[in-house]
Amino acid sequence: MKKPLFAASAVVFATFSIPAQAIDVVFDYTYDTAGFFTSDKRVVLDQVAQVFSLNLLDTLTAITPSGGNTFAARLYNPQDPFGTPLLINNFSIPENEIRIFVGSHAFGGQTLGVGGPGFQSVSGSTAFINNALSRGEPGALTTVETDFGPWGGSISFGTNINWYFDSDVSTVEGFSGFDFYTVAMHETAHVFGFGTADSWFDAVVGDTFTGAVTTATNGGAAVALQGDGSDAHFATTLRGVANGSQQIPLLSPFIPSGQRRYMTDLDWAALDDIGWEVASLQATVPAPIPEPRTWAMMLGGVLLIGMMARRRA
Ligand SMILES: [Ca+2]
Ligand SMILES: [Ca+2]
Ligand SMILES: [Zn+2]
C-alpha cells in the first residue's frame with residue numbers, strides 16, 4: 001500500500017513546481033553615493049529585476065578569478081556616466097547573476113537615464129578568458145556573434161526629473177511625471193544588450209534590425225531603427241504588442257510623461273535574437289507570486305493529502 005502515497009506526493013510536487021529562475025538580476029547600490037535610491041525607488045527596481053529574472057532562462061557560468069586568472073570589471077560610473085569609467089579589480093560574479101550598478105546624475109537637456117553593459121579587463125588561461133567573455137555562451141565568442149554573456153553593467157537615472165514611483169506596477173494609476181518603472185525597464189534592456197551588444201550590431205543592416213525572431217514578430221516586415229546614427233533603438237513608427245494592445249516599443253528613444261510603457265513582443269524578440277532564452281514575448285509586469293497566506297493554505301493541503309494517504313495505508 002506504499003504506492004498510492006507515492007502517487008499522491010508526485011501530484012503534490014507537480015502542483016508546486018514554479019518556473020526555474022534562471023537569471024538573477026541584482027541591482028547594486030554601492031555607487032549610489034548621493035543616496036538617490038530610497039526604498040520607494042528600490043521597490044520599483046525589485047519589480048524590474050523580477051521581470052527579467054523570470055523571463056530569461058539562460059544559464060550563465062560564474063566568473064571566479066584566482067591566481068594568474070584575473071578579472072577586473074569596467075563600467076560607466078552610474079554617478080557620472082560620461083566621466084572616467086570605474087574599474088573594480090578582482091571582481092567575481094556567481095553563476096546566473098547579472099549585477100547592475102545604479103546611480104543618479106544631473107543630466108542636461110531631456111535625458112531620463114542611460115544604461116548599458118559593462119566591460120572587463122581579463123587575463124589568464126584561454127579557458128578562463130573565454131568563460132569570462134561569454135559566461136558559457138559559445139555564440140558570444142564567434143566572429144559573427146549570436147549570443148551575449150555579460151557580467152552586468154550600470155544604469156544612471158536623472159536627478160532633475162519629476163519621477164513617478166509605482167509601488168505595485170501590476171496596476172496603473174493616473175500619474176504625472178515620468179514613470180520610473182518604464183525607464184528602468186528600458187535601461188535594463190540596454191544592459192542586456194539591446195542596442196549595445198555585438199550580437200545586436202551583427203544583426204543591424206543599414207537602419208534595420210534583421211534578427212529572425214524580431215522580423216517574424218513584426219509580421220515579416222523589416223524592423224526599422226531610429227535613424228539617429230546610433231542604431232540603438234527601434235523607430236517610433238514601429239508598433240509592438242503589450243498586454244494585448246498596440247504600443248510603441250519600449251526600446252524606442254522617447255518616453256512621454258504620464259504614460260506607462262511595457263516591453264512589447266518586439267522588444268523581447270530582439271533580446272531573443274541577441275541570444276537570450278526568452279520565456280515569453282508577452283511579459284510586462286512581475287509574474288504573480290503566491291502570498292504567504294496562499295502558501296500556507298497550499299501547505300495545509302499537502303499535509304492533508306499526506307495524512308489521508310497515511311490513514312488509507
Ligand atoms: Ca500601481
Ligand atoms: Ca544566451
Ligand atoms: Zn535607450
Side-chain angles (χ1 to χ4, degrees), residues 25 27 29 32 34-55 78 100 102-115 155-192 194-195 217 226 232-271 279-294:
V25 178
F27 286 104
Y29 301 98
D32 177 29
F36 177 79
F37 287 93
T38 46
S39 62
D40 55 337
K41 302 172 179 79
R42 295 187 186 207
V43 161
V44 180
L45 289 189
D46 288 346
Q47 296 174 88
V48 172
Q50 206 186 332
V51 174
F52 281 88
S53 295
L54 288 170
N55 206 37
I100 303 176
V102 289
S104 63
H105 184 73
F107 293 104
Q110 297 179 309
T111 302
L112 295 165
V114 297
I155 300 175
S156 186
F157 294 92
T159 51
N160 46 3
I161 307 293
N162 176 25
W163 290 113
Y164 166 67
F165 304 102
D166 187 352
S167 60
D168 176 7
V169 300
S170 70
T171 56
V172 187
E173 300 74 25
F175 61 90
S176 59
F178 292 92
D179 185 34
F180 194 71
Y181 179 69
T182 297
V183 175
M185 289 290 295
H186 175 113
E187 301 303 343
T188 301
H190 281 317
V191 173
F192 278 87
F194 191 111
T217 304
Q226 189 77 4
H233 293 103
F234 283 145
T236 53
T237 50
L238 280 178
R239 292 295 178 274
V241 175
N243 290 329
S245 300
Q246 291 232 317
Q247 186 207 283
I248 295 174
L250 180 63
L251 272 295
S252 73
F254 307 110
I255 306 285
S257 68
Q259 241 184 65
R260 163 80 36 88
R261 282 189 186 163
Y262 303 97
M263 289 285 280
T264 68
D265 53 353
L266 288 175
D267 298 296
W268 286 119
L271 289 188
S280 168
L281 299 183
Q282 314 296 335
T284 53
V285 294
I289 289 177
E291 297 292 316
R293 202 158 132 245
T294 316

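Any value given below was found using the heavy atoms of this structure, including those in side chains, with hydrogens, waters and symmetry copies removed.
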*Asks:* According to the salt bridge (charged side-chain N to carboxylate O under 4.0 Å, His left out) rule, which pairs have a member within residues 167-177, sequence neighbours left out?
*Replies:* none
*Asks:* Tell me, please, which residues at least two apart from D166 pass salt bridge (charged side-chain N to carboxylate O under 4.0 Å, His left out).
*Replies:* R260
*Asks:* Once side chain to side chain donor-acceptor pair (under 3.5 Å) is applied, do any residues pair with T182, and if so which ones, sequence neighbours excluded?
*Replies:* D179
*Asks:* Which residues pass the side-chain contact (heavy atoms from CB on, under 4.5 Å) test with A269, not counting sequence neighbours?
*Replies:* V213, T214, T217, L281
*Asks:* Taking only residues two or more places apart in sequence, or in another chain, which ones meet A279 in a side-chain contact (heavy atoms from CB on, under 4.5 Å)?
*Replies:* N55, L57
*Asks:* Taking side chain to side chain donor-acceptor pair (under 3.5 Å) as the test, write out the residues that go with T188, two or more places apart.
*Replies:* none
*Asks:* When you measure from the side chain of T264 to the backbone N and O of P249, does any donor-acceptor pair fall under 3.5 Å?
*Replies:* no
*Asks:* Of all residues at least two apart in sequence or in a different chain, which pass the ring pair (Phe, Tyr, Trp, His ring centres under 6.0 Å) check with F192?
*Replies:* F52, W276
*Asks:* Looking at residues at least two apart in the chain, or sitting in another chain, which of them share a ring pair (Phe, Tyr, Trp, His ring centres under 6.0 Å) with F180?
*Replies:* F157, W163, F165
*Asks:* Is there a side-chain contact between L271 and M263 (heavy atoms, below 4.5 Å)?
*Replies:* yes
*Asks:* Taking Y262 as the fixed residue, which of V172, V51, V169 is the one that meets the side chain to side chain contact (heavy atoms under 4.5 Å, CB included) rule?
*Replies:* V172
*Asks:* Residues two or more places apart in sequence or in another chain: which of them pass side chain to side chain donor-acceptor pair (under 3.5 Å) with Q259?
*Replies:* R261
*Asks:* For A106 and T159, which heavy atoms make the closest approach, and how far apart are they?
*Replies:* CA-OG1, 3.2 Å
*Asks:* Run the side-chain donor-acceptor check on residues 235-244: report pairs under 3.5 Å with partners two or more places apart or on a different chain.
*Replies:*
| from | atom 1 | to | atom 2 | distance (Å) |
| --- | --- | --- | --- | --- |
| R239 | NH1 | T236 | O | 2.8 |
| N243 | OD1 | T284 | OG1 | 3.0 |

*Asks:* Once side chain to side chain donor-acceptor pair (under 3.5 Å) is applied, do any residues pair with H105, and if so which ones, sequence neighbours excluded?
*Replies:* none
